[in-house]
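Structure first, then comments.
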Protein chains: 2
Amino acid sequence: MRITTQGDYALKCILRIAADGPQGPVSISRIVDKEGLPLDYLEQLLLKLRRSRLIKSVRGARGGYLLNVPVASITVAHVLRAAEGEIFELICDRKKKDGKKCKGSEDCVLKDVWKNLKNKIETYLGSVKLKDLLKKTRCTVT
Amino acid sequence: MRITTQGDYALKCILRIAADGPQGPVSISRIVDKEGLPLDYLEQLLLKLRRSRLIKSVRGARGGYLLNVPVASITVAHVLRAAEGEIFELICDRKKKDGKKCKGSEDCVLKDVWKNLKNKIETYLGSVKLKDLLKKTRCTVT
DNA sequence: GAATACCCGATATTTTTTGTCAAGTTTAGA
DNA sequence: TCTAAACTTGACAAAAAATATCGGGTATTC
C-alpha cells in the first residue's frame with residue numbers, strides 16, 4: 001500500500017501554489033523550478049486539480065494557477081482524491097469492475113476490515129489541512 | 001491506495017488453513033476448490049507465508065499447510081506484511097531506492113503526514129485478529 | 001504579432017502486479 | 001519399492017497501472 005507519486009506531486013504543486021499564489025498566478029515552470037518535477041506530468045495533475053475546482057487557472061502570458069477556495073478549507077484528502085481518485089479503493093469494488101463480484105454474504109468479514117481501514121485513512125487525511133502544512137518546512141527530491 | 005490481490009488472497013488462504021487445519025493439513029488444491037483462486041499464484045503466496053513462519057508445510061501425499069503459531073496471535077497486519085512486504089511504504093523511502101533522496105529538511109511536513117498515516121494503518125490492521133475473523137462469514141469472488 | 005502559458009487528447013515507457021510453467025523433492029500408502 | 005499426491009523454487013509471460021512525453025491547440029499580455 002502506498003501513496004503514488006501522483007498524489008505526492010499534486011500535494012507539492014498545490015502547496016507551492018498556496019505559498020506563492022499571493023504574489024500572483026503560479027506557472028507550471030515555476031513549480032518545476034522550485035520542486036524539480038517533470039513539467040508535462042504536472043500539467044496533467046494540475047488539470048485534475050482544476051477540474052475538481054481546488055485551483056483555478058489564469059491563461060496567457062503571466063498566467064498560472066491560483067487556489068480556487070480558501071487554503072484553510074483544503075485537506076490532504078481533497079488533494080489526493082482529485083489526483084488519484086478514491087483515496088482507498090476496496091479490493092471488492094475493484095473486482096466488481098472486472099465483471100466479477102463478491103459472492104455469498106454481504107457482510108463478509110474482510111470487506112468489513114477494508115471498510116474500517118478506508119474509514120480510518122480518510123478520516124485522518126481529511127483532518128490534515130493544507131494550511132497547517134504551509135507553516136512548516138517541506139523537502140524536495142532530487 | 002489499495003490492498004492488492006496478493007494480500008487479499010493470502011488472507012483468504014490463511015483463514016482457510018485456520019478453519020480447516022484442525023482436520024489435518026490443508027492442501028493448495030483444497031484452497032483452490034473452496035476459494036476459487038489461481039493455484040500457481042497461491043503457491044507463491046503460501047511460500048511467503050511459510051517463510052515468514054506464519055504457516056508450516058507438510059510435504060508429500062496427504063500433505064498441505066498448517067498454522068505455525070496460535071491463531072489468536074495472528075493479525076491481519078502479520079499476513080499482509082508477509083504477503084506484500086511493508087504494509088504502507090513511504091513515498092520518500094521509495095524514491096530513495098531509486099538513488100534519489102529527500103533533500104532539505106529532515107522534518108518535512110509531508111513525510112510527517114505519511115508517517116502518521118502509516119502508523120494509523122498499522123495500528124488498526126495490527127488490532128484485527130484472525131481469530132475474530134474466523135467467527136464470521138466470508139465471501140468468495142467468482 | 002510574438003512570446004508566454006494553459007488545454008487536452010494521444011501515445012510511449014517503465015514498473016508492478018498477476019499469473020503460468022516446468023523441473024524438482026518429499027512422503028504416504030498400496 | 002513404486003506411484004501418486006503435494007510441496008519447492010526459480011524463471012518466465014502477460015496484463016495492468018503508473019509515470020512520462022509529445023504535439024497541436026487556445027487565450028492573454030505586452
Side-chain angles (χ1 to χ4, degrees), chain A residues 1-10 12-13 17 20-21 24-33 35-52 55-66 68 80 83-86 89 91 94-95 97-100 141, chain B residues 1-10 12-13 17 20-21 24-33 35-52 55-66 68 80 83-86 89 91 94-95 97-100 141:
Chain A
M1 217 188 313
R2 81 174 73 102
I3 290 296
T4 64
T5 69
Q6 257 178 86
D8 188 52
Y9 288 1
K12 284 176 175 157
C13 283
I17 293 168
D20 297 355
V26 182
S27 70
I28 295 184
S29 54
R30 179 181 177 84
I31 299 174
V32 168
D33 284 349
E35 312 284 347
L37 305 173
L39 189 145
D40 287 310
Y41 195 34
L42 292 193
E43 213 164 47
Q44 292 178 47
L45 294 177
L46 289 166
L47 193 61
K48 289 189 195 176
L49 293 183
R50 185 175 64 78
R51 285 180 173 157
S52 67
I55 62 176
K56 61 187 166 192
S57 64
V58 179
R59 301 184 70 168
R62 300 267 180 161
Y65 298 91
L66 292 170
N68 191 43
L80 290 183
E84 304 192 354
E86 280 269 22
E89 186 184 23
I91 179 94
R94 150 165 298 248
K95 302 260 170 181
K97 279 196 307 191
D98 301 345
K100 301 179 177 181
V141 171
Chain B
M1 218 188 315
R2 82 174 74 101
I3 290 296
T4 65
T5 69
Q6 257 178 86
D8 187 52
Y9 289 180
K12 284 176 176 159
C13 283
I17 293 168
D20 298 354
V26 183
S27 69
I28 295 184
S29 53
R30 177 181 178 85
I31 298 175
V32 169
D33 285 347
E35 312 284 347
L37 305 172
L39 189 144
D40 287 310
Y41 195 33
L42 292 192
E43 215 161 48
Q44 292 178 45
L45 294 177
L46 289 167
L47 192 60
K48 289 189 195 176
L49 294 181
R50 186 173 64 77
R51 285 181 173 157
S52 66
I55 61 176
K56 61 188 167 191
S57 63
V58 179
R59 300 184 70 170
R62 299 266 179 165
Y65 298 90
L66 293 169
N68 191 41
L80 290 184
E84 304 192 354
E86 280 269 22
E89 185 184 22
I91 179 94
R94 150 164 297 249
K95 303 260 170 182
K97 280 196 304 192
D98 301 345
K100 301 179 177 183
V141 170

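Just so we're on the same page: letters track the sequence lines, and every chain starts at 1.
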Near DNA chain C, under 4.0 Å by heavy atom, which residues of residues 41-51 of chain A? A/E43, A/Q44, A/L47, A/R50, A/R51

Hits for side chain to side chain donor-acceptor pair (under 3.5 Å) against A/T5, two or more places apart or cross-chain, chain-then-number order -> none

Length of the CG-P vector between A/L66 and C/dC6, whole Å: 11 Å

Would you indicate which nucleotide in D/dA6, D/dT19, C/dA5 comes nearest to any side-chain atom of A/S27? C/dA5

Against the side chain of A/Q6, the closest entry in D/dT19, C/dC7, C/dT18 is D/dT19

For B/I17 and D/dA6, give me the distance from atom CD1 to atom C1', rounded to whole Å. 13 Å

Got a sec, which residues hit side-chain contact (heavy atoms from CB on, under 4.5 Å) with B/L66, two or more places apart in sequence or on another chain? B/P25, B/K56, B/V58

Set of salt bridge (Lys or Arg N to Asp or Glu O under 4.0 Å) partners for A/R59, sequence neighbours left out: none

Could you tell me which residues satisfy side chain to side chain donor-acceptor pair (under 3.5 Å) with B/S29, sequence neighbours excluded, listed by chain and number? B/S27

OP1 or OP2 of D/dA5 under 4.0 Å from side-chain N/O of B/R30: no

I'd like a table of atom pairs between the protein and nucleotides 26-30 of chain D - only N or O on both sides, under 3.5 Å - with the distance next to each one.
residue	atom	partner	partner atom	Å
D/dT26	O2	A/R59	NH2	2.8
D/dT28	O2	A/A61	N	3.2

Of B/D40 and A/G7, the one whose nearest nucleotide on DNA chain D sits closer to the 5' end is B/D40

Students often get this wrong, so: under 4.0 angstrom with heavy atoms, is B/L39 touching a base, only sugar-phosphate, or nothing? nothing

Answer with base, sugar-phosphate or nothing: what part of the nucleic acid does A/R2 contact at a heavy-atom distance below 4.0 Å? sugar-phosphate

Could you state the CG-P distance from A/L37 to D/dT19, rounded to the nearest angstrom? 12 Å

Can you tell which of C/dC7, D/dT8, D/dT19 lies closest to the side chain of A/S57? C/dC7

For C/dT18 and B/T5 - does any side-chain N or O of the residue sit under 4.0 Å from the phosphate oxygens OP1/OP2? yes

Could you state the atom-to-atom distance from CD1 of A/I91 to P of D/dA17 in whole Å? 11 Å

Can you list everything that forms a side chain to side chain donor-acceptor pair (under 3.5 Å) with A/R30? Sequence neighbours excluded, please. A/D20

Approximate separation, where rounding is to 0.5 Å, of B/I91 CD1 and A/D8 CG: 5.0 Å

Here the distance between atom C1' of C/dC6 and atom CD1 of A/I31, to the nearest Å, is 12 Å

Shortest non-hydrogen pair, B/K12 vs B/E35, comes out as O-OE2, 4.0 Å

For B/R50, what residues pass the salt bridge (Lys or Arg N to Asp or Glu O under 4.0 Å) criterion, not counting sequence neighbours? none

By the side-chain hydrogen bond (donor to acceptor under 3.5 Å, both in side chains) test, which pairs, at least two apart or in different chains, include something from residues 36-49 of chain B? B/Q6-B/K48

Return no unless some side-chain N or O of B/Y9 is found under 4.0 Å from OP1 or OP2 of C/dG19. yes

